[in-house]
Number of protein chains: 2
Amino acid sequence: MTGGTGRGGSSAAPRSVDVARLAGVSQKTVSRVFNDEPYVSAEVRRRVLEAAEQLGYRRNNAARALASGRTRSIGVVTLGTALYGPASLLMGVERVVRDTGYALRVVNTMEGDPAGVAGAVDSLLDQGVDGIVISEPIDEEATRRDASLRVDVPVLVIGAPSPVTAPTVLTAGDGADLMARTATEYLLGLGHATVHHLAGPQRWYAARDRLEGWRTTLAAHGRDVPRVVEGDWSAASGYAAGRELAEADDVTAVFAANDDMAIGLVRALTEAGRRVPEDVSVVGFDDIPVAAFVTPPLTTVRQPFDAVAQEGLKRLVHAIENPGADPLPPSDPPVDLIVRSSTAPPPPRTTPRRGRRTVSRSAERSGP
Amino acid sequence: MTGGTGRGGSSAAPRSVDVARLAGVSQKTVSRVFNDEPYVSAEVRRRVLEAAEQLGYRRNNAARALASGRTRSIGVVTLGTALYGPASLLMGVERVVRDTGYALRVVNTMEGDPAGVAGAVDSLLDQGVDGIVISEPIDEEATRRDASLRVDVPVLVIGAPSPVTAPTVLTAGDGADLMARTATEYLLGLGHATVHHLAGPQRWYAARDRLEGWRTTLAAHGRDVPRVVEGDWSAASGYAAGRELAEADDVTAVFAANDDMAIGLVRALTEAGRRVPEDVSVVGFDDIPVAAFVTPPLTTVRQPFDAVAQEGLKRLVHAIENPGADPLPPSDPPVDLIVRSSTAPPPPRTTPRRGRRTVSRSAERSGP
DNA sequence: GTGAAAGCGCTAACAG
DNA sequence: CTGTTAGCGCTTTCAC
C-alpha cells in the first residue's frame, strides 16, 4: 500500500508506534496505557488515549499473543446441534467467557465425525487457546484410542468424565443423575408402582446419567426396573417409543430424558387413547420454552445451564490465570423440578401392589 | 516465559526451527511443508513431517497471523439465545466455516445490551478476524448512531439490511417475506376471508420481514389487513396473544411468526374452546423438531438454515480470499411449506357464537 | 514514571 | 528445489 494519506482512516491500520508518535511518548508507554499498567501519569494516559482514538488505533492481537504467549481466548467444543440443551449451554458459556475478558473459539463435534472430540480439541489447540470447555465427548471409543489427546491447557469438562489428559481438569454440571433421581422420586411419591424410562441415546453421558439416576432410585425403593426404551432426543423418537409403551397396561408413569421426547411420547399416548396424566404421567427434562404450553403442560426438570457455565468457567479462568495454584472447589447447582399438569397419581384400576394410590401424595413438594 | 519451571521435562512447545534442526533442513522448508507449498521434494517433506510428529510440533497461529496479516478466522455475531432459529443458523455457520479451513470466533449480542451489534463487531475486530457474519442487528438505533461501525473486512449479513460499512457487504437469507407470503397465500387458498398475524418482536428484521410478507399478500388479494398482535417469540407470548384472539369470532386463520408462539397460541385457543383447525387454522414458522408432534401437528414454514449458511459463507470466503474481485452472485434458497394438521378450510359462516364480534380491531389491548 | 533494545515464531521476498 | 535475510506489532527485560 502506497500513497495512504492517512486521512479518513484509509490504508494500513495504525500501530502503537503511530499512536506513540502522535502522543509524543514512547511506544512502550502506549502499551502501558492499553494494558492498564501502573506508573503512567494521568496526563500521559489521557494524551495516549486521545491519540489512539484519533487514529482509530486497535491493538493487534496476533502480536500480543505472540509476544506474551497467551491468546486470551477459550475454546469450546460444541455438539453441532440446535438441541436446546447444548445450545443453551453454549450461550451460557459465551456470556461468561466474554465477561471474563476472553474471546471464544468454537468447534463442533458432529455426530458420526470420526475425529470426534479429539479432532475438535486438536483444532482448538491448533488455533491456540488458553483453556478448553468440552461438554459431551460423544464418541468415547475414538477418544480413548487417540493418544494425542494430551492437552497442555486447563480443561473444563461439563457433565461427563474427562476425555483428555491435561495439567488441570475441572468438571461441572455432573448432577444429572441427581436430577433424574428427583424426577423419579416425585413420580413414586405420587403413588406409581414403578416408573418407566424413555432414555436418550446412550452414547451421551447426559443420557446415561439420567438413566443411572432413574435406575438407582427405583432400586433404592425396591421397585421393578422396567425395560428401558431408548430414543435419540427427538420428538419423533419419543413418539415411536410412545406407541410401544401404550401397548403395555402397566405403564402409568414415564420419565423421559428430555422434553422433546416427552412431547412425542405424550402425543403417541394420546393417540392410543391413554390420557395424560389421568392414565399415564409423564415427566420431561430441560424445561424447554414450550414445555409449559403444550397439552398438557409438561412437568419437567430444569437444568441450570447458566449457573453451570458460570460456575465452571470461573474455575477454568482461575486455573488459566493461576497455573500451579490449587483449583477452586466446585459448587453444586440447584435442581429444579417444575411440576405442571402432565403428572398425577396413577389410575385406581388393576391390582394394587403396595397400598393405595393416594398415600404419598402429600409427601412430595407441590407445584410452583 | 524463559524462566518457566521445568514441567515434566518437555519444557516449552517446539518451534519450527526445532523441527528444522531435527530434520536437517532450514526453517523455511518446514514452513513450506506445513503450508503445502510446492517445490519440496517428497523425501524432505517426509523427513520434516516425521520430525514434527516426533516433537509434537504445532504451528503457532499467533506468529502466523502476525507475519501474514491474516488470522484465518471468521467472526460471527450471535443472538445470545437458544432460540431454534439463531441456534440452527450458528451451527450451520460453524460447520461451513470449519469446512473452509477457517476458525470461528463467536460473540453475543444480548438483547438490552447497549453496545449491541456495534459492540459485538468491535470485539470481533479487536480479536482479529478476516470476515464477519451478522444475522440480526437487533438494536438498530444504537447501530446507526455508532459511527465506529466502519469495518475493514468483508461482512456477510444474514436476513437483514447491513448495519455496517465495509469494503464488501454480502447478504443472504433475506427470503423471509417470500416465505411469509407462501404461508399467507396457502391460508387464503384454503378459503379464509383473511389471515391474522401473530408477529415477532419488531426489533427483529426476521419479524418485520414476515409481517411485511403477510401484509403485502393480504393487500395483493384485496383482503382486510387485521390489526397485528405482537409477541416476543416465546410460547408464553403466543399464549397471551391467543387469549386475545380467541375473543374475536372473525379470527379463522392465524399466521404466527414462529413455531413457539404458534404452540402457545394453539393452547390458548384450545382452552378458550376454539378448536384447531376446525375453528381456527394456525401456521407456524421454522419447523422446530417438535412441530410435528404437538397437538395438532403444526403446519409451518421450514427455514433452510444450512443452505443459507453454506451459500452465504461460500461468498464470504470468496470475498476474503479474492479482495478486489467481483463478489459471487447470491442464489436463493428454497421455500418449504410443511402442511400438517393445524390448518383447514374455515368453518361455515355462522352468526356470532360467543356474543362478541366487533372487537377484533379495536379491543385487542383491553386484556390484562 | 518513562524509554531503548531484544525478541516472540512465523511468512515474505529474494537469492542461490 | 532450498536457504537467507527481514520484518509483522507487540510485550519484556532492564536502564534511566
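Just so it is clear: chains get the letters A, B, ... in the order the sequence lines come, proteins before strands, and each one is counted from 1.
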Practice item. Please name all residues satisfying salt bridge (Lys or Arg N to Asp or Glu O under 4.0 Å) with B:Asp99, sequence neighbours left out, ordered by chain then number. Key: none
Review point. Would you find a donor on one side and an acceptor on the other, under 3.5 Å apart, between the side chain of A:Arg59 and the backbone of A:Phe34?
Key: yes
**Study point:** Rounded interatomic separation in angstrom, taking OH from B:Tyr39 and C1' from D:dG3
**Key:** 16 Å
Practice item. Output all residues satisfying salt bridge (Lys or Arg N to Asp or Glu O under 4.0 Å) with A:Asp126, sequence neighbours left out; order by chain, then residue number. Key: B:Arg58
Check your understanding: What residues form a side chain to side chain contact (heavy atoms under 4.5 Å, CB included) with B:Ala325, not counting sequence neighbours?
Key -> B:His318, B:Asn322
Exercise for review: Check for a donor-acceptor pair, side chain of B:Arg32 on one end and backbone N or O of B:Val40 on the other, with a separation under 3.5 Å.
Suggested key: no
Review point. What are the bounds, 5' to 3', of the part of DNA chain C that sits under 4.0 Å from heavy atoms of chain A?
Key: C:dG1 to C:dG9
Practice item. To the nearest 0.5 angstrom, please state how far the OG1 atom of B:Thr71 sits from the CG atom of A:Asn61. Key: 10.0 Å
Review point. In terms of the nearest nucleotide of DNA chain D, which residue is placed more toward the 5' end: A:Glu37 or B:Lys28?
Key: B:Lys28
Review point. Which residues satisfy the side chain to side chain contact (heavy atoms under 4.5 Å, CB included) test with B:Arg46, sequence neighbours excluded?
Key: B:Glu43, B:Glu50
Practice item. Please figure out whether B:Arg32 or B:Asn61 has its closest DNA chain C nucleotide nearer the 5' end. Key: B:Asn61
Exercise for review: Please confirm whether the backbone N or O of B:Ser331 pairs with a side-chain atom of B:Glu311, one donor and one acceptor, at under 3.5 Å?
Suggested key: yes
Tabulate protein N/O versus nucleotide N/O from nucleotides 7-10 of chain D, keeping only pairs under 3.5 Å, one per line.
residue : atom : partner : partner atom : Å
D:dC8   : O2   : B:Ala67 : N            : 3.3
D:dC10  : OP1  : A:Tyr57 : OH           : 2.6
D:dC10  : OP1  : A:Asn60 : N            : 3.3
D:dC10  : OP2  : A:Ser16 : N            : 2.6
D:dC10  : OP2  : A:Ser16 : OG           : 2.7

